[in-house]
Protein chains: 2
Amino acid sequence: MNKHRMTFQRKKILDEMRRYPGHQAAEAIYDRLKAEMPELSLSTVYRSLKGLADIGQVSISDLGDGLVFELINSEPHHHLVCLGCHAVLPLDNAEVTPFFKQIESRGFKIATTHLCLYGYCSACQEKGLFQ
Amino acid sequence: MNKHRMTFQRKKILDEMRRYPGHQAAEAIYDRLKAEMPELSLSTVYRSLKGLADIGQVSISDLGDGLVFELINSEPHHHLVCLGCHAVLPLDNAEVTPFFKQIESRGFKIATTHLCLYGYCSACQEKGLFQ
DNA sequence: TTAATTGCAAACTCTTTGCAGATAA
DNA sequence: TTATCTGCAAAGAGTTTGCAATTAA
C-alpha cells in the first residue's frame with residue numbers, strides 16, 4: 001500500500017466529513033452514506049479513513065469512546081457540558097488557546113480540538129444540583 | 001446492587017492497586033493476581049473495579065487504549081496522552097487550575113477532576129508521528 | 001497492466017451479561 | 001436469611017483481516 005487512490009467511496013467519505021465537521025465515529029459516517037450507497041461496507045469506511053489519515057487529510061484519535069475521525073482542517077471547538085440539565089454550552093476557543101499554548105510551550109503538541117468540560121451551569125447550581 | 005461487600009477478591013484487588021499506583025488495565029491487575037489466585041476470573045476483576053468505583057475508591061477512565069483504573073486520591077490529577085506512543089504524562093494541577101478558575105468566574109462550576117489532553121509528545125513529534 | 005481497493009464474512013480484542021452456586025452481612 | 005458476589009461461558013461492541021473480484025492510474 002504505497003500509492004493512494006481517490007476512489008468513489010473515499011470522495012464520498014471526504015464530502016460527508018466536510019458536511020459534518022468535528023469528531024465522528026466510523027459508523028456514523030457509514031450510516032449516513034449507506035442511504036445513498038447501500039452496498040458500502042463498514043470495513044471500507046475504516047480502511048478509507050486510515051488511508052486518508054496516511055495522506056494527511058484526516059486525523060484519528062481515541063478520545064475514550066472508540067475511534068473518532070476528523071478532517072485535518074476542522075476548527076477547534078469546545079464545550080461545557082452541564083451534568084444537571086445536560087445543556088451543552090459553547091466554550092470559546094480564544095479562552096482555551098492560551099492554556100493549550102502554555103502546555104505546548106513545553107514540548108507537547110496538543111491534538112485535542114474538541115475539549116469537553118463537565119460541571120454545573122449557573123441555573124443548576126442555584127437548584128443545588130451539584131455534589 | 002445497593003450495598004457493597006468487601007470480599008476477599010476486592011481486598012486483593014485494592015491491595016494490588018496500592019502496590020502498583022497509577023493507571024492500570026483490568027487485565028494487568030488480573031494477570032498479577034492470577035498467580036496467587038488461580039481461580040480468579042477477569043469478569044470478577046471488571047465487576048469489582050466498577051463496584052469500587054461506585055463507592056468512590058477507584059476511578060475509571062478511557063485514555064485511548066482501553067479502560068484504565070486508578071485508586072482515587074482526592075487530588076485532581078490531569079494527563080497528557082500521546083497519540084503516537086500512548087505515553088501518559090502528568091499535567092500539573094497548578095497549571096490547570098487558573099484555566100478552570102477563569103471559566104468558573106463566569107458561572108460554570110467545573111466538576112471534571114481528571115482532564116486528559118491528547119496530542120504528541122516531543123519524541124513522537126520528532127519521529128513525524130503526527131498529522 | 002497491475003497494485004490498490006472493494007464487499008463480504010469471519011476473526012479478534014476488550015468488556016459485559018446470564019446463570020447457578022457460594023458467601024458477606 | 002438473603003441480597004450480593006463469584007467463576008464460567010457466552011454474548012456484545014468496535015475494529016481488523018483474509019479473500020476473490022473489481023478498479024484507478
Side-chain angles (χ1 to χ4, degrees), chain A residues 1-17 20 22-70, chain B residues 1-17 23-70 81 83-86 88 116 118:
Chain A
M1 193 196 280
N2 295 313
K3 292 201 172 172
H4 291 269
R5 294 175 183 174
M6 190 47 65
T7 62
F8 176 71
Q9 288 87 344
R10 293 181 186 194
K11 279 198 201 83
K12 287 304 222 174
I13 288 169
L14 274 177
D15 284 350
E16 195 57 31
M17 296 187 84
Y20 289 77
H23 292 135
Q24 303 184 70
E27 191 139 23
I29 298 167
Y30 168 74
D31 286 344
R32 294 199 306 269
L33 285 175
K34 189 83 176 171
E36 52 172 318
M37 304 167 68
E39 70 301 330
L40 180 67
S41 83
L42 181 56
S43 53
T44 294
V45 175
Y46 273 105
R47 282 189 283 213
S48 297
L49 288 166
K50 286 198 191 297
L52 290 166
D54 283 347
I55 58 174
Q57 302 212 44
V58 162
S59 74
I60 307 178
S61 334
D62 186 336
L63 268 41
D65 203 26
L67 299 182
V68 287
F69 304 84
E70 186 172 29
Chain B
M1 191 197 283
N2 295 313
K3 292 200 174 174
H4 290 268
R5 293 179 183 169
M6 190 47 63
T7 61
F8 176 71
Q9 287 87 343
R10 293 182 187 195
K11 279 197 201 83
K12 287 304 223 174
I13 288 168
L14 275 177
D15 283 350
E16 194 56 31
M17 295 186 85
H23 293 134
Q24 304 184 69
E27 190 140 22
I29 298 167
Y30 168 73
D31 285 344
R32 294 199 306 268
L33 285 174
K34 189 84 175 170
E36 52 172 318
M37 305 168 68
E39 71 300 331
L40 179 68
S41 83
L42 181 56
S43 54
T44 294
V45 175
Y46 273 106
R47 281 189 285 215
S48 298
L49 288 166
K50 286 199 191 297
L52 291 167
D54 283 347
I55 57 174
Q57 300 212 47
V58 161
S59 75
I60 307 178
S61 336
D62 187 335
L63 268 41
D65 204 24
L67 299 181
V68 287
F69 303 84
E70 185 171 29
V81 182
L83 295 170
C85 62
H86 294 119
V88 177
C116 280
Y118 298 84

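Fair warning: this is a prediction, and the values are worked out from it, not measured in the lab. We name chains A, B, ... by the order of the sequence lines, and we start the count at 1 in each one.
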**Item:** Between P of C:dC8 and CG of A:Leu40, the distance in whole Å
**Value:** 9 Å

**Fill in**
In B/S/- notation (B base, S sugar-phosphate only, - none; protein heavy atoms under 4.0 Å), nucleotides 10-20 of chain D written 5' to 3' is ----SBBBB--

**Asked** Rounded to whole angstroms, how far apart are CZ on B:Arg10 and C1' on D:dT6?
**Response** 9 Å

**Item:** Rounded interatomic separation in angstrom, taking NZ from B:Lys34 and C1' from D:dC8
**Value:** 10 Å

**Complete:** Residue set satisfying salt bridge (Lys or Arg N to Asp or Glu O under 4.0 Å) with B:Glu16, at least two apart, ordered chain then number -> B:Arg19, B:Arg32

**Message:** Nearest 0.5 angstrom please: B:Leu67 CG to B:Leu49 CG, how far?
**Reply:** 9.5 Å

**Request:** Might you point out which heavy atoms bring A:Ala25 and A:Val68 nearest each other, and give the distance in Å?
**Result:** N-CG1, 4.3 Å

**Message:** Measure CG/A:Asp54 against C1'/C:dT5 and give the value in whole Å, please.
**Reply:** 14 Å

**Asked** How long is the line joining OH of B:Tyr30 and P of D:dT6, in whole Å?
**Response** 14 Å

**Request:** Measure the OG-CD distance between B:Ser41 and B:Gln9 for me, rounded to the nearest 0.5 Å.
**Result:** 8.5 Å

**Request:** May I ask you to verify if any side-chain N or O of B:Gln9 is less than 4.0 angstrom from the OP1 or OP2 atom of D:dG7?
**Result:** yes

**Complete:** Taken in chain and number order and not counting sequence neighbours, the residues that satisfy side chain to side chain contact (heavy atoms under 4.5 Å, CB included) with A:Lys34 are A:Tyr30

**Request:** List the protein contact pattern of nucleotides 20-25 of chain C with one symbol per nucleotide (5' to 3'): B for base contact, S for sugar-phosphate-only contact, - for none; contact means a heavy-atom distance under 4.0 Å.
**Result:** ---BBS

**Fill in**
Across all chains, not counting sequence neighbours, the salt bridge (Lys or Arg N to Asp or Glu O under 4.0 Å) partners of B:Glu39 are none

**Message:** Return the CG to CG distance between A:Leu42 and A:Leu33, rounded to the nearest 0.5 Å.
**Reply:** 11.5 Å

**A:Met37 CE to C:dT6 C1', straight-line distance once rounded to whole Å** = 10 Å

**Message:** Without decimals, in angstroms, what is the distance between B:Glu39 CD and D:dA9 P?
**Reply:** 14 Å

**Prompt:** Which distance, rounded to the nearest 0.5 Å, do you find between the OG of A:Ser59 and the NE2 of A:His23?
**Reply:** 5.5 Å

**Message:** Rounded at 0.5 Å granularity, tell me how far CD in A:Gln57 sits from CZ in A:Phe69.
**Reply:** 14.5 Å

**Request:** To the nearest 0.5 angstrom, please state how far the CE atom of A:Met17 sits from the CG atom of A:Leu52.
**Result:** 7.5 Å

**Request:** Report yes if some heavy atom in the side chain of A:Met6 is under 4.5 Å from a heavy atom in the side chain of A:Leu14; otherwise report no.
**Result:** yes

**Item:** Nucleotide C:dA4, atom C1' - distance to NZ of A:Lys11 in whole Å
**Value:** 14 Å

**Message:** Using C1' atoms of five pairs at each end, report the bend of the helix from C:dT1-D:dA25 to C:dA25-D:dT1 rounded to 10 degrees.
**Reply:** 40°

